[in-house]
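What you are looking at is a predicted structure, and each value in this text was computed from that prediction instead of being measured. Lettering follows sequence order; numbering is per chain, from 1.
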2 protein chains.
Amino acid sequence: MAPAQLDQLDQIIQRGRPLKRGEHLFRAADDFNSVYAVRSGALKTYVLSDEGEEQVTGFYLPGEILGMDGISTARHLSNAKSLETATVCEIPFHRLEDLSQKIPSLQHHFFGLMSKEIRADRELHMLLSKKSADDRVASLLLSLAARQQRRGLSNKRFRLPMSRYDIANYLGLAVETVSRIFTRFQQQKMLWVDGREVEILDRPALCGTGSHDSVQDA
Amino acid sequence: MAPAQLDQLDQIIQRGRPLKRGEHLFRAADDFNSVYAVRSGALKTYVLSDEGEEQVTGFYLPGEILGMDGISTARHLSNAKSLETATVCEIPFHRLEDLSQKIPSLQHHFFGLMSKEIRADRELHMLLSKKSADDRVASLLLSLAARQQRRGLSNKRFRLPMSRYDIANYLGLAVETVSRIFTRFQQQKMLWVDGREVEILDRPALCGTGSHDSVQDA
DNA sequence: CGTGCCTTTGATAACTCTCAAGAGAGGTGG
DNA sequence: CCACCTCTCTTGAGAGTTATCAAAGGCACG
């Protein structure tokens, strides 16, 4: 993309004020006007079922974009809440559309972004279809590690921005199950855990979790 | 969209030959060139895990579009296989992009389509996070019914284009579990089943499955 | 220094999977 | 046209995994 075009893009992006932990970026009822790029911190998106139960639908780390599911409805259909102090950029969608009209590479890029989101959801689907709870937790850890790496950080050691409750909810498991799996992974020397700090000690073992249950309670 | 523009869109769409049952529309290794609109019949998409196990990622009925997950990678990352005799329209993606550049409403429409795909995946996520197998099967039935309705067909009685195996795989369940649930739904007068023909007899009960387990084995 | 939330651990129960077997449907070849 | 074979679907019994219930310790925040 040419510098002049980058400038144009830059001009429509609005820097938002920092969000405190627990603060909402948008809510399900809100009009959809913008998508958001995470600059720092982390957010989760969730929906409330008819019975008022929360269902976490995604975690968003710096460099990732959220809010795209609202495009087709003119309304957000999920809530976005910050997991820790976070800053986001607001990208007014209609202006992005206008600009995409002028800059082919931007349109292409944005199509690509949405496609990537679809791909990520597909992977999540596969993850949840795997029966084993171990697989699910391992996959989430590996996913977070990969996303850390993309940001130029360690892909082994990092801090989980979300609670065990959020992890369990996201993966369709009970909190207790997640907790037990963390403990077991640690006993098996696959993972080091201290609260929300984690370090991947044996990546191949984490990847292959479930394929062979030989070392189940070693 | 103006008639002239519709014409332009129409010209880039290619009618494909009919696909027989079991035939592939594209495979995971293939270059990504087009997205496809289903005209008749039904298809499923699936991926193969490292161990060669199949994971069904979606079902596509007439009026629906598949292949969008390949946009970001220039390669298809799933396989698409027809479940019954089907016809599809091929929409060369680069030409669609070009045309979107000229026709704002087309760009908007396509953004919307992708957003809808993301939304559908979110709903699937919620479905799979619900623990209950009953909920999952019920939700799939209701989803298929709704999609039937969108095509102007009955939202109560229809034919399942996919096997129990595909349903089970898609929902992360065992075939036997799906079969048992169909039987039980029938015993509970919520559903009428004959092979792949189904009729929804008690929609509220299907919607509320799992919320109240009072009539479990009545 | 409480209070509340998060996390862990144990025991029990429920759900779903796996294994096993048989019936039905559809396609193929003799 | 029928026999045969395969694939699909159903049903049963037992085993395994995960949820639920209960309780206690740790940590952060006011």
Q: Taking atom types as modelled and ignoring hydrogens, do the side chains of A:Q148 and A:R151 form a donor-acceptor contact shorter than 3.5 angstrom?
A: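 Looking only at side-chain atoms, A:R151 and A:Q148 do form a donor-acceptor pair, the distance falling under 3.5 Å.
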Q: Between A:F26 and A:F32, is the ring centroid distance below 6.0 Å?
A: no
Q: Please state how far atom CD in A:E197 lies from atom P in D:dG26, giving the value in whole angstrom units.
A: 20 Å
Q: Give the rounded distance in Å between these two atoms: CG of A:D194 and C1' of D:dA28.
A: 15 Å
Q: Where each residue is assigned the nucleotide of DNA chain C containing its nearest heavy atom, which of B:R21 and B:A133 is assigned the position nearer the 5′ end?
A: B:A133
Q: Could you give the CG-to-P distance, from A:L83 to D:dA28, as a whole number of Å?
A: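 The distance from CG of A:L83 to P of D:dA28 comes to 17 Å, rounded to the nearest Å.
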Q: Give one of base, sugar-phosphate or nothing for A:S163, where a contact means two heavy atoms less than 4.0 Å apart.
A: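 Here A:S163 touches the backbone only, sparing every base.
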Q: Quick one: is A:T183 getting a side-chain N or O under 4.0 Å of the C:dT9 phosphate, OP1 or OP2?
A: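 Answer is yes, contact under 4.0 Å.
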Q: Return whichever of A:R164 or B:T177 has its heavy-atom-nearest nucleotide of DNA chain C closer to the 5' end.
A: A:R164
Q: Quick one: B:R184 CZ to D:dT10 C1', roughly how many Å, whole number?
A: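 These atoms are roughly 14 Å apart.
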Q: Indicate whether any N or O donor in one side chain lies under 3.5 Å from an N or O acceptor in the other, for B:S72 and A:R119.
A: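 Yes, A:R119 and B:S72 have a side-chain donor paired with an acceptor closer than 3.5 Å.
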Q: Ignoring backbone atoms, test whether A:S179 places a side-chain nitrogen or oxygen under 4.0 Å from the OP1 or OP2 oxygen of C:dT9.
A: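 For C:dT9, OP1/OP2 do not have a side-chain N/O of A:S179 under 4.0 Å.
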Q: Is the distance between the ring centroids of A:Y60 and A:Y36 under 6.0 Å?
A: no
Q: Using a cut-off of 4.0 Å on non-hydrogen atoms, how would the nucleic acid contact of A:F182 be classed: base, sugar-phosphate, or nothing?
A: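 The answer is nothing, as A:F182 stays clear of every strand by at least 4.0 Å.
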Q: Just call it for B:R196: base, sugar-phosphate, or nothing, with non-hydrogen atoms closer than 4.0 Å on any strand.
A: sugar-phosphate
Q: Touch check for B:G22, heavy atoms < 4.0 angstrom, all strands: base, sugar-phosphate only, or nothing?
A: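 Since no nucleic acid heavy atom lies under 4.0 Å of B:G22, the category is nothing.
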Q: Can you tell me the distance, in whole Å, between the CD1 atom of B:I181 and the C1' atom of D:dT11?
A: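 Those two atoms, CD1 and C1', are 14 Å apart.
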Q: Could you state the atom-to-atom distance from OH of B:Y165 to P of C:dC17 in whole Å?
A: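 Computing the B:Y165:OH to C:dC17:P distance gives 13 Å.
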Q: Would you state whether a donor and an acceptor, one from the side chain of B:R180 and one from the base of C:dT18, lie under 3.5 Å apart?
A: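 Such a pair exists between side chain and base.
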Q: Has A:R159 got more than 12 heavy atoms of other residues, nucleotides or ligands less than 6.0 Å from its CZ?
A: yes
Q: Could you give the CD-to-P distance, from B:E176 to C:dA21, as a whole number of Å?
A: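 Taking atom P of C:dA21 as the reference, CD of B:E176 is at 14 Å.
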